[in-house]
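See structure below.
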Amino acid sequence: MDQFIMKGGVPLRGEVMIGGAKNAALGIIAGALLTDDDVIIENLPDVRDINVMLEALKEIGAKVDRENRHTVRINATNVDSVSIDDEYIRKIRASYYFIGALLGKYHRAMVPLPGGCAIGSRPIDQHIKGFRALGSGVQIKNGCVQAEAKTGLKGAHIYLDVVSVGATINIMLASVLAEGRTIIENVAKEPHIVDVANFLNSMGANIKGAGTDTIRIRGVQKLHGTDYAVIPDQIEAGTFMCAAAATRGDVLIKNVIPKHLESISAKLLEMGNTIYEYDEAIRVIGTAELRPTDVKTLPYPGFPTDMQPQISVVLALANGTSVVTESIFENRFKYVDELARMGSNIKVEGNVSVIDGVHGFTGASVNALDLRAGAALVIAGLAAEGITTVNEIGFIQRGYEHFEKKLQALGAQIEAVSSERDAQKFRLKVS
Ligand code: EPZ
């Protein structure tokens with residue numbers, strides 16, 4: 001029953017602090033297995049996917065101490081298993097990073113095939129291609145990936161057929177302790193790739209080229225401990241940027257790296273919003289008359305696929321027609337049917353959506369079908385006239401820490417409720 005219930009129509013105003021990048025932290029947590037020294041990770045987002053990964057580390061014997069909500073100390077000395085499997089780890093996509101890390105350190109790994117948001121088929125063939133190139137046998141058995149490098153791992157020259165964030169990070173994890181040099185070509189260049197590489201280098205790895213098309217790794221004998229702070233979350237920041245624009249608000253988004261947000265800023269500027277960039281903050285002032293524009297999702301530095309639902313909600317309120325092309329995933333428009341319940345006018349043909357902007361949305365009960373779709377529907381509800389309930393908010397809580405609390409601090413009338421009675425109380429309070 002967990003829902004977000006909100007009364008829209010209030011322009012968001014004020015300041016919001018962005019947390020650590022979920023998609024960097026997930027790879028970094030797995031990377032902590034690569035040493036027997038203490039690894040301290042700071043600026044961890046306190047979200048479900050992160051906590052599932054930390055629990056999985058404990059299950060195989062690692063010591064995991066939460067120093068505070070956003071800092072954890074991990075020590076893998078007493079890891080006594082290379083087989084990770086529990087009902088929670090099966091639900092998340094990032095479980096695959098344990099394959100690369102366990103293989104890299106122990107030359108063996110058994111991990112369930114990954115779960116994650118239903119936004120496409122999400123194969124892991126490129127991950128497996130990389131592991132095999134490094135000398136590991138890999139087979140899929142009983143729904144698990146079983147990998148073993150009987151004679152150890154040797155550096156290789158790997159060309160990724162698809163630009164893949166997960167495969168890029170996973171092959172880095174598997175190769176930092178391999179013998180010799182590894183070259184990975186056609187890699188992903190997202191900020192979180194660079195962050196994982198910087199983390200591993202802070203442990204004594206020798207990785208060059210992260211953030212470019214080619215990553216070069218010289219295997220080292222051993223890695224040592226580190227104390228590392230995760231970069232700010234580009235997608236959480238972008239989500240709040242879109243919320244400011246959709247509600248015609250004025251929001252200062254703090255603890256960000258503006259350069260990571262350039263493609264999102266560019267689109268919001270094209271739509272007529274005003275943006276001020278500071279060293280570690282960005283201010284978005286929404287325009288009353290949103291202009292249409294076209295968006296095509298691409299690997300970084302292109303427009304992020306994880307921002308496609310959110311920017312589409314803003315475009316759905318623009319004065320004209322926009323075209324959105326989703327070139328990364330094959331099924332990332334599921335939120336469109338939910339948004340239609342609020343009065344949007346969007347047609348989807350394959351991986352293209354044609355958005356005819358409407359003057360405004362009306363509140364409705366809608367379902368979060370995946371993490372970013374859920375966040376987008378909350379943005380729509382905050383812009384809508386009347387009451388909106390977003391159901392299945394567990395998806396949203398996988399990747400956004402205290403989402404409703406941060407929105408409340410910006411003036412949003414929104415609450416997390418878990419019963420019809422609480423929902424009724426909210427309705428009475430805002431009526
Ligand atoms: C990561 O998923 C993120 N998840 C996703 O974020 C993000 O949307 C995606 O990267 C793209 O940026 C995590 O980091 C946990 P990919 P991942 O491998 O690694 C195809 C969110 O909202 N592909 O870059 O699964 C794949 O099908 C989530 O936080 C292969 O064909 O994405 C897709 O079409 C959603 N073979 C494309 O590549 C492979 O072996 C990009 O996928 C791997 C991927």
Side-chain angles (χ1 to χ4, degrees), residues 19-31 45 47-50 52-53 89 91-100 113-133 138 140 145 158-174 184 186-196 230-231 233-239 260 263-264 297-311 325-335 351 368-376 395-401 403:
K22 166 180 83 81
N23 292 347
L26 293 165
I28 286 169
I29 286 171
V47 296
R48 287 190 186 173
D49 279 14
I50 294 291
V52 165
M53 292 283 278
I89 205 74
K91 291 198 181 102
I92 71 169
R93 176 81 182 156
S95 54
Y96 52 31
Y97 291 138
F98 285 130
I99 310 169
L113 280 163
C117 290
I119 51 179
S121 64
R122 310 195 80 184
I124 59 166
D125 57 303
Q126 298 301 304
H127 301 238
I128 292 170
K129 172 180 179 177
F131 299 148
R132 285 182 173 146
V138 183
I140 309 282
V145 178
I158 301 157
Y159 188 93
L160 292 180
D161 305 325
V162 182
V163 174
S164 159
V165 166
T168 302
I169 290 175
N170 230 346
I171 297 167
M172 277 201 296
L173 292 169
I184 322 168
N186 196 30
V187 293
K189 300 183 273 195
E190 273 70 4
H192 30 287
I193 304 279
V194 178
D195 206 32
V196 175
V230 177
I231 54 166
D233 193 312
Q234 163 204 38
I235 306 302
E236 185 191 16
T239 302
H260 292 167
S263 63
I264 302 162
T297 67
L298 286 167
Y300 191 81
F303 191 88
T305 174
D306 290 350
M307 281 300 305
Q308 183 260 100
Q310 300 93 307
I311 199 81
T325 307
E326 171 55 62
S327 67
I328 308 290
F329 289 108
E330 61 268 34
N331 188 15
R332 200 163 202 173
F333 287 117
K334 293 204 309 283
Y335 62 90
N351 71 334
L369 299 170
D370 61 67
L371 165 58
R372 307 302 176 184
F395 281 112
I396 303 173
Q397 291 163 334
R398 291 182 50 181
Y400 291 92
E401 181 180 335
F403 194 38

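One is the number of the first residue; the rest follow in order along the sequence. Ligands are counted one by one from 1 in listed order, and the atoms in each one are counted from 1 as well.
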*side-chain contact (heavy atoms from CB on, under 4.5 Å) between Met307 and Thr239, worked out*: CA-CA 7 Å; Met307 281 300 305; Thr239 302; 4.0 Å; yes

*Could you check atom 16 (P) of ligand 1 against the protein and tell me its nearest heavy-atom contact, residue, atom and distance included?*
Val165 N, 3.7 Å

*With only distance considered, is Ala94 within less than 3.5 Å of ligand 1 through an N or O on each side?*
no

*Could you see which bit of Cys117 sits under 4.0 Å from ligand 1, with heavy atoms only: side chain, backbone, both or neither?*
neither

*Return the option from Asp306, Leu26, Asp125 holding the heavy atom at the smallest distance from atom 28 (C) of ligand 1.*
Asp306

*Numbered atoms and elements of ligand 1 in range of His127, under 4.0 angstrom, heavy atoms*: 40 (O)

*Which heavy atom of Ser327 sits nearest a heavy atom of Asn351, and at what distance?*
CA-ND2, 4.2 Å

*Check: Tyr400 and Lys22 side chains under 4.5 Å, non-hydrogen atoms*: no

_Measuring from atom 25 (O) of ligand 1, which candidate in Arg93, Gln308, His192 has the nearest non-hydrogen atom?_
Arg93

_Numbering as shown, the atoms of ligand 1 that approach Arg372 to under 4.0 Å (heavy-atom distance)_ = 21 (C), 22 (O), 29 (O)

*Step by step, would you call His192 with Asn23 a side-chain hydrogen bond (donor to acceptor under 3.5 Å, both in side chains)?*
CA-CA 6 Å; His192 30 287; Asn23 292 347; 4.5 Å; no

*Of the backbone atoms (N, CA, C, O) and the side-chain heavy atoms from C-beta on, which set of Thr305 has a member under 4.0 Å from an atom of ligand 1: side chain, backbone, both, or neither?*
side chain

*Between the side chain of Glu326 and the main-chain N/O of Thr297, is any donor-acceptor distance below 3.5 Å?*
no

_Can you confirm whether Arg122 sits close enough to Phe329 that some side-chain heavy atom of one is under 4.5 Å from a side-chain heavy atom of the other?_
yes

*Counting both backbone and side chain atoms, is some N or O of Val162 under 3.5 Å from an N or O of ligand 1?*
no

*Where Pro114 and Arg93 come nearest, the two heavy atoms and their spacing*: CB-O, 3.4 Å

*Can you tell me which residue and heavy atom of the protein come closest to atom 14 (O) of ligand 1, and the distance to 0.1 Å?*
Asn23 CG, 3.3 Å

*For Gln126, counting its heavy atoms only, list the atoms of ligand 1 lying under 4.0 Å from any of them.*
36 (N), 39 (C), 40 (O)

*By number and element, which atoms of ligand 1 are closer than 4.0 Å to a non-hydrogen atom of Arg332?*
8 (O), 22 (O), 35 (C)

*asked:* Heavy-atom pairs closer than 4.0 Å: do any link ligand 1 to the side chain of Ile119, the backbone, both, or neither?
replied: side chain

*Nearest neighbour of atom 26 (C) of ligand 1 from the list Phe329, Tyr97, Tyr300, Tyr96, on a heavy-atom basis*: Phe329

*Which heavy atom in Ala376 sits nearest to a heavy atom in Gln310, and how many Å separate them?*
CB-N, 3.8 Å

*Side chain to side chain, Thr168 and Ile171, heavy atoms closer than 4.5 Å*: no

_Below a 4.0 angstrom heavy-atom separation, can you tell me which part of Glu326, side chain or backbone, both or neither, approaches ligand 1?_
neither

*Numbered atoms and elements of ligand 1 in range of Ser164, under 4.0 angstrom, heavy atoms*: 16 (P), 18 (O), 24 (O), 43 (C), 44 (C)

*atom 2 (O) of ligand 1: the protein heavy-atom neighbour that sits closest, reported with distance to 0.1 Å*: Arg122 NH2, 3.2 Å

*Among protein heavy atoms, which lies nearest atom 34 (O) of ligand 1, and at what distance?*
Ile328 O, 2.6 Å

*Side-chain contact test, heavy atoms from C-beta onward, threshold under 4.5 Å: evaluate it for Cys117 versus Arg398 and give yes or no.*
yes

*May I ask whether Lys22 places a heavy atom under 4.0 Å from ligand 1?*
yes

*asked:* Which of the numbered atoms in ligand 1 are under 4.0 angstrom from any heavy atom belonging to Ile124?
replied: 39 (C), 40 (O)

_Side-chain ion pair, Asp306 and Arg332, N-O less than 4.0 Å_ = yes

*List the steps and the verdict of side-chain contact (heavy atoms from CB on, under 4.5 Å) for Asp370 and Lys334.*
CA-CA 9 Å; Asp370 61 67; Lys334 293 204 309 283; 3.9 Å; yes

_Students should be able to answer this: which protein heavy-atom is nearest to atom 39 (C) of ligand 1, and at what distance?_
Pro123 O, 3.2 Å

_Test of proximity, Gly166 against ligand 1: N or O pairs below 3.5 Å_ = yes

*Do the side chains of Ile124 and Val145 get nearer than 4.5 Å, heavy atoms only?*
yes

